[in-house]
Amino acid sequence: ELDRESMPNGISFIVKCTDQSGYYGEATVIITISDVNDNAPVFEQVSIFTDVAEDVTVGFVVATVKATDLDVGNHAAVGYQLAAQNTMFSVDAETGEVRTAAHLDRETQDIYVVKVTATDNLGGVIRMNSSNSVTITITVTDVNDLAPTLKGVMKEGNDVTRVTFNSTTNTFKVWVLENIQSGSLLFSALYADGDAANTINSMVSFSIEQSASTSSTNDIQTIFSIDSVSGEISIAPTASLDRETKDFYTFILVVTDMGLPTLSGRGIVEVIVGDVNDNTPVFAPGTTSSVSLSENTLAGTVVKTVKATDSDVGVNGQVSYSLVGSDGSTTLSTNNFAIDPLSGVIVVVHLDYEEFTSLTVGVYAQDNADNHGVAEIFSVLITDVNDNSPVISSTRENDVVYITEAAISGTGVFGFVGRDNDGSFTHSDVNYEFSTSVGSQSTYLRMSIDDSTRGKIVHQGTSGVVVVNGLVYDPLGSNTYGVTVTATNSRSNIELQDSLQIFVEVLPFLGENADGDASVVVFNIHSPEVCNDYPDSGYCLTTSNNGLRRASG
């Protein structure tokens, strides 16, 4: 059996021809063996393993394959092709260079298996049955081409009201109360990095940055802190929140990988500070200013409007009002004023100068949450009006006063006193006026008020005495007369008065030694002594009247 590949030089031999005489001749025969395509190409390697970075350009040579064919000539010409259609790689039919045909992405596919076949050629006709192949396993290696991204909330602090994440705006919103403790955890963020796990390309660190809207004078990093490894964001150890000072914070959360070059992802963090009832209402200036009111001020008249503000919000900042005692802690004991609990309008209920000339009123403002409150005190000065009539009275107003016609001028007949319940001197002073049923010119009855009070304005409660100016018994008349004394507020713009009428009967004088007939018996009935009943009257205190005091009766 001939095989050109094993006998590349062909076959040579000597042909010797001998005749009968023993002579011979020799000839060398050389047989050249022509090639036929009886060998398939053979690759130098049946399997190739190679790594390629995912960021190589299109056309990058991944591997070069080589196959040889023991045949010669056209029978040894080898062509390369992919065993199956492949959009990611191509092979040069002549050189066997396997190149990238598209951009690689490790995160999409990290391993490719490419099969390359080698085919010899006979007159341009490919003999598939003589082909051979090599398998190339291509591992796409990672480059740091993906930035980490924030995906949501991993952990929420126990003292946080609520945490949300909006994936569209990449925004975290955190609701906390202003009394959250220093160092308290707010939240930690969930992130993702598509680069190879457990490599520097996917290992990250966390930080926070001030946003453009954050004031440089209120450095966000003095209020909040972050653990660079875990990403836990907390209230800074020495910081505290106060809603009344600032109720909203915003800053940037940054997550950065450790690849080369480093890549970062960012998200917005918004912290909304909620209110707690940590403020007491504060009264506006003017609450404690005093007020002057007339005692006849109508019920419902506005005294003043108090206003207190509370820096808290909602129910914590809603203020209600009440009236309290002057010590600021007890319920108001009088019913002189009322206050609208919502508006703080204080109105008059009832005033009486004779009851109180001044009042100290406490106003208590409290919020509607935990009853935090504060009291302020103001004074009300009540002015008097002439709303009381004088009242005149006498110890003899239910008796008939008997007096002899012999009583000398200046003898006291009966006493009286006028009183006025108004509180001020102007409205409580009285003036006494006198009249009789027979007139001032009567021959039989002439009386007047004593000089100490007649025609004078005196303080209420000052007693007066009606005295004799001249008496004559009328044998033909009644001899019983009505004597009227009137008490008047003469210094007031409104003249109020009260009158008292006493009946006086004039008895005849029968002589000091007259027999004890019926008239004398009547004469000897003595009235109570005037100065016994009114010792403090001006009449009774006058020395010149001492000898006249027992002449009445």
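Only a predicted model underlies this, so the values are computations on that prediction, with no experimental measurement involved.
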Salt bridge (Lys or Arg N to Asp or Glu O under 4.0 Å) contacts in which one or both residues fall within residues 478-488, not counting sequence neighbours: none
Residue list, side chain to side chain donor-acceptor pair (under 3.5 Å) with His459, at least two apart or on another chain: Asp429
Suppose we screen for salt bridge (Lys or Arg N to Asp or Glu O under 4.0 Å). Which residues come up paired with Glu156, at least two apart in sequence or across chains? none
Taken in chain and number order and not counting sequence neighbours, the residues that satisfy salt bridge (Lys or Arg N to Asp or Glu O under 4.0 Å) with Asp275 are Arg243
Which value, rounded to the nearest 0.5 Å, describes the distance between Leu445 atom CG and Thr436 atom OG1? 5.5 Å
When every non-hydrogen atom of Tyr539 is compared with those of Thr411, the smallest separation belongs to OH-C, 3.7 Å
Can you check whether Ile268 reaches Thr169 side chain to side chain, under 4.5 Å on heavy atoms? no
Counting N and O atoms only, with roles assigned by atom type, does the side chain of Gln460 sit under 3.5 Å from a partner on the main chain of Ser428, one being a donor and the other an acceptor? no
Start with the C-alpha gap between Asp247 and Ile272, add the side-chain angles, then the distance that decides, and say whether side-chain contact (heavy atoms from CB on, under 4.5 Å) holds. CA-CA 6 Å; Asp247 62 358; Ile272 300 95; over 6 Å; no
The criterion is side chain to side chain contact (heavy atoms under 4.5 Å, CB included); which residues satisfy it with Asp536, sequence neighbours excluded? Ser463
With no hydrogens and no angle check, do the side chains of Asp384 and Ser424 hold a donor and an acceptor under 3.5 Å apart? yes
Tell me if a side-chain donor or acceptor on Glu354 pairs with a main-chain N or O of Gly423 at a distance below 3.5 Å. yes
Could you list the residues that satisfy ring pair (Phe, Tyr, Trp, His ring centres under 6.0 Å) with Tyr353, not counting sequence neighbours? none
Take Asp278 and Glu178, measure what side-chain contact (heavy atoms from CB on, under 4.5 Å) needs, and give me the verdict at the end. CA-CA 9 Å; Asp278 58 349; Glu178 61 180 317; 3.2 Å; yes
Phe434 atom CZ, over 12 foreign heavy atoms within 6.0 Å: yes
Partners meeting salt bridge (Lys or Arg N to Asp or Glu O under 4.0 Å) with Lys456 (sequence neighbours left out): none
Do the side chains of Val413 and Val468 get nearer than 4.5 Å, heavy atoms only? yes
Sequence neighbours excluded - side chain to side chain donor-acceptor pair (under 3.5 Å) pairs with any residue from residues 468-482: Ser448-Asn469
Would a 4.5 Å heavy-atom cut-off, applied to side chains only, mark Glu433 and Thr484 as touching? no
Could you work out, with side chain to side chain contact (heavy atoms under 4.5 Å, CB included) as the rule, every residue matching Leu177, not counting sequence neighbours? Thr161, Asn179, Val276
Can you find a heavy atom in the side chain of Ile339 that is under 4.5 Å from one in the side chain of Val363? yes
Looking at CD1 of Ile235 and CD of Gln181, how far apart are the two atoms once the value is rounded to the nearest 0.5 Å? 10.5 Å
If we ignore hydrogens and angles and just use 3.5 Å, is the side chain of Lys304 paired with the main-chain N or O of Ser289 as donor and acceptor? yes
Counterpart residues, ring pair (Phe, Tyr, Trp, His ring centres under 6.0 Å), relative to Tyr432 (two or more places apart): Phe416
Asp533 versus Thr395, side-chain donor and acceptor atoms under 3.5 Å: yes
Taken to the nearest 0.5 Å, the spacing of Gln221 CD from Glu209 CD works out to 8.5 Å
Taking atom types as modelled, is there a side-chain donor on Ser167 or Lys151 under 3.5 Å from an acceptor on the other? no
Judged by modelled atom types alone, do Thr256 and Ser264 share a side-chain donor-acceptor pair under 3.5 Å? yes
Using modelled atom types and a 3.5 Å cut-off, is there a donor and acceptor pairing between side-chain atoms of Ser211 and backbone atoms of Thr250? yes
For a quick test of reading the model, state the closest non-hydrogen atom pair linking Ala375 to Tyr364 and the distance between them. CB-CD1, 3.9 Å
Check whether any side-chain heavy atom of Asn336 lies under 4.5 Å from a side-chain heavy atom of Phe356, and answer yes or no. yes
side-chain contact (heavy atoms from CB on, under 4.5 Å) between Val282 and Asp310: does it pass, once the steps are laid out? CA-CA 6 Å; Val282 176; Asp310 192 311; over 6 Å; no
Exam field: side chain Asp450 to backbone Val465, donor-acceptor pair closer than 3.5 Å: yes
Separation of Asp159 CG from Leu185 CG (nearest 0.5 Å): 9.0 Å
Can you check whether Ala236's main-chain N or O pairs, donor with acceptor, with Ser234's side chain at less than 3.5 Å? no
Which heavy-atom pair separates Ala299 from Val349 by the least distance, and what is that distance? CB-O, 3.5 Å
Note: Asp498 and Pro390 closest approach over all heavy atoms is CB-O, 2.8 Å
So, do Thr357 and Ile382 sit near enough that their side-chain heavy atoms are less than 4.5 Å apart? no
Evaluate side-chain contact (heavy atoms from CB on, under 4.5 Å) for Gln210 paired with Ile252, printing each intermediate quantity in order. CA-CA 6 Å; Gln210 291 187 185; Ile252 305 300; over 6 Å; no
Phe224: what forms a ring pair (Phe, Tyr, Trp, His ring centres under 6.0 Å) with it, not counting sequence neighbours? Tyr249, Phe251
Considering residues at least two apart in sequence or located in another chain, which fulfil the ring pair (Phe, Tyr, Trp, His ring centres under 6.0 Å) criterion with Tyr321? none
Nearest non-hydrogen partners of Thr222 and Ala239, listed with the distance: O-CB, 3.4 Å
Backbone N or O of Arg266 within a donor-acceptor pair of the Asn170 side chain at under 3.5 Å? yes
Could you tell me whether the side chain of Val347 reaches within less than 4.5 Å of the side chain of Val303, counting heavy atoms only? no
When you compare the side chains of Asp367 and Asn316, does any donor N or O come within less than 3.5 Å of an acceptor on the partner? no
Nearest heavy-atom contact between Thr453 and Thr462 is CG2-CG2, 4.5 Å
With a distance cut-off below 6.0 Å to the six-membered ring centre and an angular limit of 45° from the axis, does Lys307 pair with Phe283 as a cation-pi contact? no
Rounded distance (nearest 0.5 Å) linking atom CZ of Phe337 with atom CD1 of Ile346: 8.5 Å
Do any N or O atoms from the side chain of Ser442 and from the backbone of Gly439 form a donor-acceptor pair under 3.5 angstrom? no
Within-4.5 Å side-chain heavy-atom neighbours: Glu270 and Val174: no
Checking Gln501 side chain against Val483 main chain: does a donor-acceptor pair fall under 3.5 Å? no
Donor-acceptor contact below 3.5 Å, side chain Asp340 vs main chain Val345: no
Can you tell me how far CE of Met447 sits from CD1 of Ile403, rounded to the nearest 0.5 angstrom? 5.5 Å
